[in-house]
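Structure record follows, encoded as structure tokens.
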Amino acid sequence: MTLDPAYLEYAARGRGMDHGLYRYSSLFDRPPVDWPEGKTVAIACVVSLEWFPMVPEDKPFRAPGHMQTAYPDYRHYTAREYGTRVGFYRLLDAFDKAGVRASIATNGAIAERYPRIIEDIVAAGHEIVAHSTDMNGTIATGLPEEDEKALIARSLASLESASGTRPKGWLSIARSQSWNTPRLLAEAGLAYMCDWPNDELPYRMETGAGSIVNLPLNHELSDRQILNVQQQSADSYVEQIKDAYRWLAGEAQHHGGRMLPLHLTPYIVALPYRIAAFESLLAWLADQDGSWFATCGDVVDQWSAQNP
Amino acid sequence: MSEPQKSDPGLYDFQAYRGRPKIEWPEGKTCAVWVAPNLEFYEIDPPANPHRKSWAKPHPDVVGYGHRDHANRVGHWRMAEVMSKHGFPGSVSLSVALCDHIPEVVEDASQRGWEFFSHGIYNTRYSYGMDEAQERAIIEDSIRTVEAATGQRIRGWLAPALTHTPRTLDLIAEYGLDYTCDLYHDDQPTRVKVKSGKLTAIPYSLEVNDHYGFFIYNMSPREYADTLIRQYERLAEEGARSGTVMCIPLHSYLIGQPHRIGPFEEVLKHIAADGRAWIARAGEIVDAFNAQTGEDGR
């Protein structure tokens with residue numbers, strides 16, 4: 001047996017990253033970031049608010065949480081709708097009670113289908129982050145650039161038309177991008193995206209269309225990962241987030257502001273048997289001296305002002 | 001023509017756990033504990049190996065690649081600080097191209113007094129399908145690259161992404177490497193049968209590897225910490241009969257996450273305070289074993 005000799009050639013082997021999207025940087029070597037009023041840990045709650053068409057298209061791939069049975073998959077279609085009709089309102093109430101301003105990563109289809117939800121989000125002062133068109137709007141290399149560009153434009157247009165504000169931030173379905181995505185997002189005028197989980201503070205990416213900030217929305221701390229993929233209990237989830245908070249607050253004493261992103265899914269964390277644990281977590285976080293509940297946009301604004 | 005595949009790889013002789021000669025660790029310690037951080041570099045757009053795919057998704061696999069990149073930007077620094085604080089040196093399973101890409105991480109490990117062994121060039125280049133000349137090339141590249149970056153001559157090998165060929169162990173022994181981390185048959189070091197030179201299998205671990213803990217067994221951070229403590233307690237107890245080895249293999253993009261590092265620190269505190277642990281580097285453990293065993297490793 002032998003491999004193609006090219007398999008032992010390493011064209012990108014050299015100083016720095018093996019691509020041009022961003023430069024290497026250690027979190028611990030950067031100038032400290034300050035959050036408002038001397039707060040030390042920014043807590044960014046990001047809710048994915050999604051509509052799953054009952055006919056999946058799988059172009060380029062099927063989104064997590066999408067249909068699973070033969071047509072008609074009433075089971076998954078309605079269980080996801082439960083999150084939107086019921087679970088999301090539990091989360092809105094929980095945020096209100098704990099004084100949380102959150103970022104709602106919203107499919108454009110939600111704005112088109114359920115304008116009432118957009119009104120309730122806007123009235124509560126939450127931020128809307130663009131989250132594709134609907135759950136068939138997945139992105140990966142192979143999706144034609146024109147289609148990807150149109151998908152981004154359609155998502156932004158629906159959300160802007162329903163909310164009156166053009167979103168500044170973007171979250172791709174399953175955080176999945178093509179080689180073109182950062183550039184297309186920058187071209188569309190977006191200030192930041194949440195897809196790359198490689199850091200714990202915002203940083204800038206360079207694209208052919210100018211720079212865009214990446215705000216890392218830690219997928220390991222998401223309700224999907226802990227409750228759904230790893231199948232741990234809501235109490236364990238709460239304990240893990242508290243452990244994360246304690247660690248970050250300790251680190252902030254020496255290294256400046258830290259960020260704890262909580263990625264939430266209404267049909268996962270907002271079920272009746274889980275929501276009380278989550279509410280107790282928000283109350284605990286609100287009680288911590290250093291906690292600052294912020295939208296992703298707030299975090300990016302603060303960071304950008306200190307990192308021009 | 002490739003060689004016929006063997007049902008028994010013939011790596012070592014059977015030796016029951018009962019009635020073995022006593023292995024003694026320094027100062028009467030019963031369990032040699034070594035921590036093995038994997039310092040890795042994964043390529044964003046690697047060429048395809050016909051025997052194994054690198055990424056689950058079309059490139060760029062943002063979550064797969066980004067998760068691993070967290071190690072070099074965040075996780076390593078957090079993990080290394082905690083290890084140093086409690087007196088644990090690392091024995092590094094190194095993607096040697098990290099020396100070229102991010103020398104900051106390699107220099108940091110070197111300054112902390114950590115030992116380096118090779119984990120291949122990149123964790124996205126696999127040995128499956130290599131011919132002998134190609135395999136020699138990655139071994140020679142590893143020796144050369146680590147020596148240039150750190151001054152250390154590598155003494156050990158953990159196959160890149162655990163991809164082997166039937167000749168790997170013979171080759172690394174021929175190049176004078178002393179230990180392999182790729183065999184999981186024992187809680188004590190074992191001499192490996194090789195064509196030339198002398199090679200020792202040091203217990204590494206899949207079972208208490210953080211990757212297995214979090215993604216095979218789906219443990220919470222505290223459950224994983226408890227698992228490590230139970231593993232240690234048992235091996236330290238049995239080591240009174242004949243010294244045992246416990247390895248804690250880590251990936252800082254996992255253990256260095258903010259919800260995991262706190263419970264992990266409690267494990268290091270526990271082991272450091274216990275008194276039965278010989279906290280050492282891989283090479284020191286292999287040397288101590290070899291100094292008290294004959295040519296056959298007994």
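Order of the sequence lines fixes the chain letters, A, B, ..., with proteins taken first and strands second; residue numbering starts at 1 for each chain.
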Expected output: side-chain A/Q232 to main-chain B/M219 donor-acceptor under 3.5 Å: yes
Winner by heavy-atom pair count (cut-off under 4.5 Å) against chain B, out of A/G14, A/P216, A/S236: A/G14
Main-chain N/O of A/G16 paired to B/H101 side chain as donor or acceptor, under 3.5 Å: yes
B/P46 portion near chain A, given a 4.5 angstrom heavy-atom threshold: neither
Minimum side-chain heavy-atom gap B/H259-A/L221 below 4.5 Å: yes
Proximity breakdown for A/F61 and chain B, heavy-atom pairs closer than 4.5 Å: side chain
Region of B/T124 that comes under 4.5 Å of a non-hydrogen atom in chain A: backbone
Residues A/E220 and B/H67: side-chain donor-acceptor under 3.5 angstrom: yes
B/R78 (side chain) donor-acceptor with A/E251 (main chain) under 3.5 angstrom: no
Region of A/A174 that comes under 4.5 Å of a non-hydrogen atom in chain B: both
Chain A interface, residue from B/A133, B/P47, B/S220, B/G75 that has the most non-hydrogen pairs under 4.5 Å: B/S220
Backbone N/O of B/Y122 and side chain of A/Y10: donor-acceptor pair under 3.5 Å: no
Choice from B/N72, B/V105, B/D131 maximising heavy atom contacts with chain A below 4.5 Å: B/D131
No-hydrogen, no-angle side-chain donor-acceptor test under 3.5 Å, B/D69 and A/Y22: yes
NZ (B/K85) with more than 12 external heavy atoms under 6.0 Å: no
Max heavy-atom pair count under 4.5 Å with chain B, selected residue of A/I241, A/I226, A/N218: A/N218
Gap separating the CZ atom of A/F28 from the NE2 atom of B/H76, nearest 0.5 angstrom: 10.0 Å
Region of B/A71 in contact with chain A, defined by heavy-atom distances below 4.5 Å: neither
Top contributor to chain B contacts, counting heavy-atom pairs under 4.5 Å, from A/L27, A/L248, A/D199: A/D199
Region of A/R23 in contact with chain B, defined by heavy-atom distances below 4.5 Å: backbone
Euclidean distance, B/I121 CD1 relative to A/L8 CG, rounded to 0.5 Å: 7.5 Å
Main-chain N/O of B/M130 paired to A/T2 side chain as donor or acceptor, under 3.5 Å: no
Heavy-atom proximity to chain A below 4.5 Å, by part of B/D61: neither
More than 12 heavy atoms of other groups within 6.0 Å of A/K149 NZ: no
Heavy-atom side-chain contact between B/V63 and A/S176 under 4.5 Å: no
For chain A, the option from B/H51, B/E104, B/K57, B/E223 that forms the most heavy-atom pairs under 4.5 Å: B/E104
Approximate separation, where rounding is to 0.5 Å, of A/R246 CZ and B/I261 CD1: 15.5 Å
Best-contacting candidate, A/R13, A/E9, A/Q230, against chain B by heavy atom pairs under 4.5 angstrom: A/R13
Side chains of B/V62 and A/P197 in contact at under 4.5 Å (non-hydrogen atoms): yes
Options B/F215, B/Y128, B/F214, ranked by heavy-atom pairs under 4.5 Å with chain A, top entry: B/F215
Close side-chain approach of B/R73 to A/S26, heavy-atom, < 4.5 Å: no
Within 6.0 angstrom of A/D289 CG, more than 12 heavy atoms from elsewhere: no
Toward chain B, the part of A/S233 with a non-hydrogen atom under 4.5 Å: neither
Distance-minimising heavy-atom pair for B/Y126 and A/Y7: N-OH, 2.7 Å
B/D100 side chain vs A/R15 backbone, donor-acceptor pair below 3.5 Å: no
Student check: side-chain heavy atoms of A/H19 and B/D45 closer than 4.5 Å: no
More than 12 heavy atoms of other groups within 6.0 Å of A/R30 CZ: yes
Interface residue of largest heavy-atom contact number with chain A, from B/E132, B/E43, B/E135, under 4.5 Å: B/E43
Min side-chain heavy-atom separation A/M17-B/I102 under 4.5 Å: yes
Donor-acceptor under 3.5 Å (B/Q134 side chain, A/L3 main chain): yes
Chain A interface, residue from B/P60, B/A97, B/P58 that has the most non-hydrogen pairs under 4.5 Å: B/P60
Over 12 foreign heavy atoms within 6.0 Å of CD, A/E187: yes
Test side chain to side chain donor-acceptor pair (under 3.5 Å) applied to A/D18 and B/Y42, step by step: CA-CA 9 Å; A/D18 59 337; B/Y42 292 74; over 6 Å; no
Ionic contact status for B/R260 with A/D243, cut-off 4.0 Å: no
